[in-house]
**Student:** 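The structure under discussion is supplied below as structure tokens; questions concerning it will follow.
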Amino acid sequence: MEEGLENFVPLIKRSRGYEELKKDVIDSGICSGCGACAAFCDRVGLTEDGSVPASDCNMTMGAVKCNIDGICYDCCPHVSYSVGGLEDVVFGARREDGLLGQYLKAFAVRSKDKEVLKKAQDGGAATSLLLAAVNEGFSDAAVVTGRDNSWNVDSSASSDKKEIVGGAGTKYARAPGILKLGENLRKIPRLAIVGTGCQIAGTRRLEKKLLSAVPKAELTLIGLFCYENFPYTRLKEIIEDRLGLKMEDVTKTDITKGKLFVWTKDGKTHEKPVKEFADLAPESCEICRDFTATFSDITCGSIGSDDGWTTVIVRSQRGMDLLNAAKEKDYIEVSDKVNLEAVKRTGGFKGKKRAKVLSEREKEGKFVPDYS
Ligand SMILES: Cc1cc2nc3c(=O)[nH]c(=O)nc-3n(C[C@H](O)[C@H](O)[C@H](O)COP(=O)(O)OP(=O)(O)OC[C@H]3O[C@@H](n4cnc5c(N)ncnc54)[C@H](O)[C@@H]3O)c2cc1C
Ligand code: SF4
Ligand code: SF4
Ligand code: SF4
């Protein structure tokens, strides 16, 4: 803002916006590329690597008030906000367990659809729940993240079974799942969205502040456990430079039990300890507080259930209704054989790393988000 300009507008409180977002989050290295800031403001754009340059934000050109109230700052999952306050709004209750978050019940779930199981990362619960959401009256379309042969990711909204099933499987690359949320919601107000914890938290913060203004908007949010995720160029570096493989040859990837596993077209399995590419882990993921996507309606993850099953944590009544409908209509089978202690152990490792990185940031005078 031009020097002294604020003296002429004493009654208008300057809203926070892109300048603060850039300073606190983007330039301080903790943007996870979730896309929330760009979901409703077309002045923010995500690059392939998830950095967020503003093209012509009016707040960077001396405007006192952003016409959408600095939503880019207020929806970011990595700025300070009250987690308990958001839980009150979303669930009407606060969590008893810091890592698992507010939840009603947890299960192990497996899809009953052979096509889904063939493509799925684990038990295909996420894909089958999306199919049930679309076919059983919860949503009109689902936002899924697909990939091309080189594992470039893209996200789109669809009600077509082939496209929803086509999105199955985990991609360890930042995806633009909620980037087009505003545009999608204006066309399809009842959406099911699957995403990582930062994407789900960003969406909830938008829901609280902005979605009430979108007539008939209704979201079903399916979260994913998430220890870390990479900008595409870093994923490529890990797979091509450190493992010596070609992206085009990769058929599946999984990070579990401290190792990255990569399957290739020749039927071979390759592995590398996660610590050997720890230097490529984004700082946003190191300081992330949300391993289990605690603001979802339902969260899905690998850890905590047998191979070929998905651990499913149901948090809201909407989530429970969806799970029950999917079970009754034979999309999924459901078991109680779930080990939440294993989930908490993994979340605990993440918490220790987080505490260490945050304390270093504090010493360096960098922005440290406060979620109390
Ligand atoms: C980046 C990432 C890290 C993860 N880390 C862990 C972990 O540390 N521990 C653990 O237990 N589980 C982790 N998971 C979750 C796990 O890999 C499975 O996604 C989950 O168990 C659901 O399996 P499923 O067979 O039910 O899902 P599927 O039926 O295979 O469906 C997966 C869904 O995930 C969506 N998706 C895929 N990649 C992305 C992406 N990059 N961003 C947003 N959405 C995406 C797809 O659109 C699809 O709808 C991670 C997932 C992701 C995306
Ligand atoms: S116009 Fe408002 S919401 Fe958009 S980038 Fe600027 S401050 Fe953020
Ligand atoms: S909202 Fe998401 S994409 Fe935007 S600055 Fe925050 S973390 Fe980055
Ligand atoms: S670890 Fe956290 S910040 Fe990183 S992608 Fe996953 S949910 Fe987002």
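In listed order, ligands and their atoms are each counted from 1.
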**Student:** Thinking salt bridges, do Glu228 and Arg234 make one under a 4.0 Å N-O criterion?
**Tutor:** no

**Student:** Is it the case that the side chains of Ser158 and Asp160 hold a donor-acceptor pair, with the cut-off being a distance below 3.5 Å and no angle test?
**Tutor:** no

**Student:** Between Phe291 and ligand 4, which part of the residue brings a heavy atom under 4.0 Å of the ligand: side chain, backbone, both or neither?
**Tutor:** neither

**Student:** Backbone or side chain, does Cys66 get an N/O/S atom under 2.8 Å to atom 2 (Fe) of ligand 2?
**Tutor:** yes

**Student:** Pick one of side chain, backbone, both or neither for how Leu130 approaches ligand 1, counting any non-hydrogen atom pair under 4.0 Å.
**Tutor:** side chain

**Student:** Would you call Lys366 and Glu364 a salt bridge, using N to O less than 4.0 angstrom?
**Tutor:** yes

**Student:** Salt bridge between Arg204 and Asp297, side-chain N to carboxylate O under 4.0 Å?
**Tutor:** yes

**Student:** For Thr294 and Leu99, work out which heavy atoms get closest and say how close.
**Tutor:** CG2-O, 3.9 Å

**Student:** Which residue owns the protein heavy atom closest to atom 31 (O) of ligand 1, what's the atom, and how far is it?
**Tutor:** Thr127 OG1, 3.3 Å

**Student:** Using a 4.0 Å cut-off to any heavy atom of Asn229, which atoms of ligand 4 qualify?
**Tutor:** 5 (S)

**Student:** Heavy-atom contact under 4.0 Å between Arg289 and ligand 4?
**Tutor:** no

**Student:** Charged N to carboxylate O below 4.0 Å: is that the case for Lys112 and Glu333?
**Tutor:** no

**Student:** If you have a sec, work out which protein heavy atom is nearest atom 47 (O) of ligand 1 and how many Å separate them, to one decimal?
**Tutor:** Thr145 N, 2.7 Å

**Student:** Identify the protein heavy atom lying closest to atom 3 (C) of ligand 1, giving its residue, its atom name and the separation to 0.1 Å.
**Tutor:** Tyr172 CE2, 3.5 Å

**Student:** Number the atoms of ligand 4 from 1 as they appear, then name those within less than 4.0 Å of a heavy atom of Tyr227, with their elements.
**Tutor:** 1 (S)

**Student:** Out of Gly146, Ala126, Gly166, indicate the one that has the non-hydrogen atom closest to atom 33 (C) of ligand 1.
**Tutor:** Ala126

**Student:** Between Arg147, Lys171, Lys119, Glu228, flag the one that comes closest to atom 38 (N) of ligand 1 by a heavy atom.
**Tutor:** Lys171

**Student:** Return the residue, atom name and 0.1 Å-rounded distance of the protein heavy atom closest to atom 8 (O) of ligand 1.
**Tutor:** Tyr227 CB, 3.3 Å

**Student:** Which atoms of ligand 2 have any heavy atom of Tyr18 under 4.0 Å away?
**Tutor:** 5 (S), 7 (S), 8 (Fe)

**Student:** When you look for heavy atoms under 4.0 Å from ligand 1, do you find them on the side chain of Ala175, its backbone, both, or neither?
**Tutor:** side chain

**Student:** I need the Phe230 CZ to Ile255 CD1 distance, nearest 0.5 Å.
**Tutor:** 4.5 Å

**Student:** Could you please spell out the steps behind the side chain to side chain donor-acceptor pair (under 3.5 Å) verdict for Ser302 and Asp122?
**Tutor:** CA-CA 6 Å; Ser302 299; Asp122 296 304; 2.5 Å; yes

**Student:** For atom 32 (C) of ligand 1, find the nearest protein heavy atom and state the residue, atom name and distance (0.1 Å precision).
**Tutor:** Gly169 N, 3.9 Å

**Student:** With a cut-off of 2.8 Å, does Cys285 put an N/O/S atom close enough to atom 4 (Fe) of ligand 4?
**Tutor:** yes

**Student:** Could you work out, for atom 9 (N) of ligand 1, the closest of Phe230, Tyr232, Phe291 by heavy-atom distance?
**Tutor:** Phe291

**Student:** Would you say Tyr227 and Val153 are hydrophobically clustered, going by side-chain heavy atoms of ILVMFWY under 4.5 Å?
**Tutor:** no

**Student:** Which heavy atom of Leu131 sits nearest a heavy atom of Lys161, and at what distance?
**Tutor:** CD2-CG, 3.8 Å

**Student:** Do the side chains of Leu191 and Leu185 get nearer than 4.5 Å, heavy atoms only?
**Tutor:** yes

**Student:** Going by the order shown, which atoms of ligand 1 are within less than 4.0 Å of some heavy atom of Ile303?
**Tutor:** 10 (C), 11 (O)

**Student:** Do you know the tightest heavy-atom contact between Ser159 and Val134?
**Tutor:** CB-CG1, 3.9 Å

**Student:** Could you find the nearest protein heavy atom to atom 6 (Fe) of ligand 4 and give me its residue, atom name and distance?
**Tutor:** Cys226 SG, 2.3 Å

**Student:** For the residue pair Leu206 and Ile71, what are the closest heavy atoms and their distance?
**Tutor:** CD2-CG1, 3.7 Å

**Student:** Please work out whether any backbone atom (N, CA, C, O) or any side-chain heavy atom from C-beta onward of Leu224 is under 4.0 Å from ligand 1, and answer side chain, backbone, both or neither.
**Tutor:** side chain

**Student:** Which option, Phe349, Phe225, Trp309, owns the non-hydrogen atom nearest atom 6 (C) of ligand 1?
**Tutor:** Phe225

**Student:** So Ser32 and Ser284, side chain to side chain donor-acceptor pair (under 3.5 Å) or not? Walk me through it.
**Tutor:** CA-CA 5 Å; Ser32 59; Ser284 51; 4.9 Å; no

**Student:** Please identify which atoms of ligand 2 are closer than 4.0 Å to at least one heavy atom of Cys41.
**Tutor:** 1 (S), 3 (S), 4 (Fe), 5 (S)

**Student:** Answer yes when Glu115 and Lys119 have at least one side-chain N-carboxylate O distance shorter than 4.0 Å, and no when they do not.
**Tutor:** no

**Student:** As an exercise, identify every atom of ligand 2 less than 4.0 angstrom from a heavy atom of Arg43.
**Tutor:** 1 (S)

**Student:** Which pair of non-hydrogen atoms, one from Arg318 and one from Leu219, has the smallest distance, and what is that distance?
**Tutor:** CD-O, 3.6 Å

**Student:** Which bit of Ala173 is near ligand 1, meaning a heavy atom under 4.0 Å away: side chain, backbone, both or neither?
**Tutor:** backbone

**Student:** Tell me the nearest of Ile71, Asp42, Val44 to atom 5 (S) of ligand 2, using heavy-atom distances.
**Tutor:** Val44

**Student:** Regarding atom 48 (C) of ligand 1: of the candidates Ser156, Cys198, Gly167, which has the closest heavy atom?
**Tutor:** Gly167

**Student:** Do ligand 1 and Ala120 have nitrogen or oxygen atoms that lie under 3.5 Å from each other?
**Tutor:** no

**Student:** Could you tell me if Arg43 sits above the aromatic ring of Tyr18, with its cationic atom closer than 6.0 Å to the ring centre and no more than 45 degrees from the axis?
**Tutor:** no

**Student:** Heavy atoms only: which of Cys300, Ala342, Gly223 lies closest to atom 22 (C) of ligand 1?
**Tutor:** Cys300

**Student:** Out of Thr170, Ile178, Val194, Val153, who is nearest to atom 35 (C) of ligand 1 when you count heavy atoms only?
**Tutor:** Val194

**Student:** Please check whether Val144 reaches ligand 1 - meaning an N/O of the residue sits under 3.5 Å from an N/O of the ligand, judged on distance alone.
**Tutor:** no

**Student:** Measure from atom 24 (P) of ligand 1 to every heavy atom in Ile193, Ile332, Thr292, Thr310 and give the option owning the shortest one.
**Tutor:** Thr310

**Student:** Report the nearest protein non-hydrogen atom to atom 43 (C) of ligand 1: residue, atom name, distance rounded to 0.1 Å.
**Tutor:** Gln199 OE1, 3.6 Å

**Student:** Give me the residue, atom name and distance of the protein heavy atom closest to atom 23 (O) of ligand 1.
**Tutor:** Asp122 OD2, 3.5 Å

**Student:** Could you walk me through whether Asp113 and Ser111 pass side chain to side chain donor-acceptor pair (under 3.5 Å), step by step?
**Tutor:** CA-CA 5 Å; Asp113 186 321; Ser111 174; 5.5 Å; no

**Student:** Between the side chains of Arg242 and Asp279, is the shortest nitrogen-to-carboxylate-oxygen separation below 4.0 Å, so that they form an ion pair?
**Tutor:** yes

**Student:** State plainly whether the residues Lys329 and Glu136 are in salt-bridge range, i.e. N to O under 4.0 Å.
**Tutor:** yes

**Student:** Identify the protein heavy atom lying closest to atom 8 (Fe) of ligand 2, giving its residue, its atom name and the separation to 0.1 Å.
**Tutor:** Cys72 SG, 2.4 Å

**Student:** Within less than 4.0 angstrom of ligand 1, does Gly123 place any heavy atom?
**Tutor:** yes

**Student:** So is there a nitrogen or oxygen of Ser302 less than 3.5 Å from a nitrogen or oxygen in ligand 1?
**Tutor:** yes

**Student:** How far is atom 2 (Fe) of ligand 4 from its nearest protein heavy atom, and which residue and atom name does that atom have?
**Tutor:** Cys288 SG, 2.3 Å

**Student:** Do Leu340 and Tyr103 have side chains that get closer than 4.5 Å, going by heavy atoms?
**Tutor:** yes

